Asker: 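So that we are looking at the same thing, I have put the structure below in structure tokens.
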Amino acid sequence: MFPREFAWGAGTAAYQIEGGWQADGKGPSIWDTFCHEKARVFGEQNGDEACNSYELWEKDLECIQQLGLTHYRLSLSWARLLPDGTTRHVNQKGVQYYRKVLDDLLACSVSPMVTLYHFDLPQALQDQGGWKSAGMATLFDSYAKFCFQTFGDRVKLWITINEPYVCAKLGHEDGIHAPGLKEPGVAAYLVGHNMLRAHAMAWHSYNSFYRTKQKGAVSLAINSDWLEPSSADGAADIAAAERQLAFTLGWFAWPVFVTGDYPEVMRSSVDAQSEKLGCDGGSRLPSFSEDEPAVLGTADFFALNYYTSRKVTPGGGRGEVLCMTSDRGSRDVLDPSWPICGVSWLAVVPHGLRKLLKYIKDTFNNPAVYITENGFSQVGQLQIEDVQRSEFYRDTILEVAKAIQEDGVDVRGYFAWSLLDNFEWADGFSVRFGLFHVDFTDARRSRTIYQSGREYAKMISKYKCGQSE
Ligand code: GAL
């Protein structure tokens with residue numbers, strides 16, 4: 001059912017699991033700062049200790065082995081490696097930590113997929129303007145080169161930036177993620193643009209200086225819901241769904257996979273709305289410069305984070321208000337037949353993943369795809385026997401199989417989110433995405449497998465054995 005080399009993985013991110021926020025010379029990141037401010041995060045919780053993976057990495061490795069994973073996706077904490085964000089000062093303790101993690105994985109025949117940036121910018125760089133500043137792209141490129149140089153002999157799969165959409169929109173428009181800026185309609189486009197430039201520079205650096213020797217592949221992880229028209233025969237709904245897809249998936253995938261520039265509908269909408277509102281300096285959606293490394297063609301595979309699906313209808317433009325929703329002129333609605341589980345935004349729609357995969361195949365010229373995140377959380381009363389989540393993984397993996405077999409999508413791997421219950425950003429520890437339960441009241445942070453973890457392990461062993469040539 002699945003190709004021989006199919007990657008069976010699970011993922012985590014540094015800030016969500018490591019803890020040790022000040023250990024051994026680590027610098028602060030924007031998430032440290034954000035969580036230490038009042039009323040930012042659920043219950044004013046923070047990732048100071050989280051799962052304490054900085055000290056308990058071997059426990060995580062046991063979990064990885066218990067599941068039988070072939071791959072493990074982790075992120076590097078930029079500020080643990082480079083405390084002020086620059087290569088002027090390298091924290092050797094941080095280097096040693098990640099070298100050990102990578103060596104241990106390889107010794108257990110688990111291939112690492114390494115994300116360079118998963119939301120946790122060094123605070124020192126935020127103090128210089130953060131992702132809104134154009135200079136961040138070259139600083140990211142230096143950090144990326146440092147990582148390729150230091151760890152590249154051990155890593156074949158790299159993700160430069162995780163979910164630029166979420167960093168841009170939630171961090172700089174809605175203000176619910178670090179750095180907590182609320183600058184609607186302006187900052188998100190700037191941040192997204194600088195992230196694309198940063199990604200492209202890092203890809204070109206890998207391509208020019210490391211690829212021949214290290215033989216790895218580099219991409220960026222793009223999150224997208226599956227979005228479909230509220231009514232299948234209404235032209236306005238169909239156009240609204242297309243616009244919405246252009247403003248989420250297309251925002252980052254179009255420049256990288258199709259034209260080197262933003263989707264036409266995004267360009268025309270933001271330009272027109274900017275003019276109407278009389279914005280200083282022309283369009284709020286920046287343009288790519290020909291003097292910089294091209295963005296087009298800077299992904300060796302398509303990395304997709306998929307969680308949920310929505311129906312879309314026109315609207316959402318709050319009069320003349322500056323915000324991304326009014327630029328795109330569409331809003332999404334929940335389909336009442338799609339059950340909501342765990343958190344309020346998460347309608348559980350496994351077949352949406354199959355549709356999105358087919359869309360990606362057709363729109364982006366049949367790329368190799370890794371599903372770099374997919375999962376379903378629980379909140380409230382804890383269930384170790386989490387029947388619904390077990391079913392979710394079974395159903396979802398069957399949809400992936402159909403995408404491969406019936407739709408011919410070139411899916412190369414699936415990474416469940418997440419290996420462990422962890423610090424779920426603005427929701428703190430109230431939302432649990434783990435295949436393993438973590439007891440945050442226990443100093444040892446004991447890890448216990450959920451039924452969904454056992455189910456995933458069973459599927460991995462079944463599909464690995466029956467893998468086709
Ligand atoms: C993603 C993010 C992950 C995880 C997940 C679940 O946006 O990359 O870190 O938190 O959502 O909400």
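Hydrogens, waters and symmetry mates are skipped; everything else that's a heavy atom, side chains included, is used. This structure is a prediction, so every number in the text was calculated from the model and none was measured. All residue numbers refer to positions in the sequence shown, counting from 1. When a ligand or atom number is given, it counts from 1 through the structure's own listing order.
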Asker: With the threshold set at under 4.0 angstrom, would you say N162 reaches ligand 1 through any of its heavy atoms?
Answerer: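 Yes.
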
Asker: Among all protein heavy atoms, pick out the one at the shortest distance from atom 10 (O) of ligand 1; state its residue, atom name and that distance to 0.1 Å.
Answerer: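 Answer, as residue, atom name and distance: E424 OE1, 2.7 Å.
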
Asker: Of all the heavy atoms in Y15, does at least one lie under 4.0 Å from an atom in ligand 1?
Answerer: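 Contact absent.
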
Asker: Short list, please: which atoms of ligand 1 are under 4.0 Å from a heavy atom of H118?
Answerer: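 In order of number, 2 (C), 3 (C), 8 (O), 9 (O).
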
Asker: Looking at non-hydrogen atoms alone, which of F376, F423, W417 comes nearest to atom 4 (C) of ligand 1?
Answerer: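 Of the listed residues, W417 has the closest heavy atom.
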
Asker: Could you list all the salt bridge (charged side-chain N to carboxylate O under 4.0 Å, His left out) pairs where at least one residue sits in residues 45-55, not counting sequence neighbours?
Answerer: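 For residues 45-55: E49-R445.
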
Asker: Just checking, is any N or O donor in the side chain of D60 or S53 under 3.5 Å from an acceptor N or O on the other one?
Answerer: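 Per modelled atom types, D60 and S53 side chains form a pair under 3.5 Å.
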
Asker: Just let me know how W345 lines up against ligand 1, side chain, backbone, both or neither, with a heavy-atom cut-off below 4.0 Å.
Answerer: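 Contact part for W345 vs ligand 1: side chain (C-beta onward).
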
Asker: Indicate yes or no: does an N/O atom of Q16 lie under 3.5 Å from an N/O atom of ligand 1?
Answerer: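 For ligand 1, there is an N or O atom that lies under 3.5 Å from one belonging to Q16.
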
Asker: Check ligand 1 against W425 and write out every atom of the ligand that is under 4.0 Å from a heavy-atom position of the residue.
Answerer: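 So the atoms of ligand 1 that pass are 3 (C), 4 (C), 9 (O), 10 (O).
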
Asker: Whether the Y306 and D225 side chains hold a donor-acceptor pair (N or O, under 3.5 Å, no angle test) is what I'd like checked.
Answerer: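 No pair is found: no donor N or O on one side chain lies under 3.5 Å from an acceptor on the other.
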
Asker: A quick test of your reading: do over 12 heavy atoms of other residues, nucleotides or ligands sit less than 6.0 Å from NZ of K145?
Answerer: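 Check passes, neighbour count above 12.
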
Asker: What is the nearest protein non-hydrogen atom to atom 3 (C) of ligand 1, stated with its residue, atom name and distance?
Answerer: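 Residue, atom and distance for the closest contact: E373 OE1, 3.4 Å.
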
Asker: Considering only non-hydrogen protein atoms, determine which one is nearest to atom 7 (O) of ligand 1 and report residue, atom name and distance to 0.1 Å.
Answerer: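 Nearest protein contact, heavy atoms only, for atom 7 (O) of ligand 1 is E163 OE1, 2.4 Å.
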
Asker: Among residues two or more places apart or on two chains, list those pairs meeting salt bridge (charged side-chain N to carboxylate O under 4.0 Å, His left out) that have a residue in residues 335-350.
Answerer: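 Checked against salt bridge (charged side-chain N to carboxylate O under 4.0 Å, His left out) - neighbours excluded - the pairs reaching residues 335-350 are K311-D335.
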
Asker: Among all protein heavy atoms, pick the one closest to atom 5 (C) of ligand 1 and tell me residue, atom and distance.
Answerer: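 Checking every protein heavy atom, the shortest distance to atom 5 (C) of ligand 1 gives Y307 OH, 3.2 Å.
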
Asker: Is there a donor-acceptor contact under 3.5 Å linking the side chains of S205 and D141?
Answerer: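 D141 and S205 do have a side-chain donor-acceptor pair below 3.5 Å.
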
Asker: Parallel, tilted or perpendicular, judged at 30° and 60°: which one describes the rings of Y97 and Y54?
Answerer: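 If you compare the ring of Y97 with that of Y54, the planes turn out tilted.
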
Asker: When you measure from the centre of the six-membered ring of F288, is the NZ or CZ of R197 closer than 6.0 Å and no more than 45° off the axis?
Answerer: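 No, cation not above the ring by the 6.0 Å, 45° rule.
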
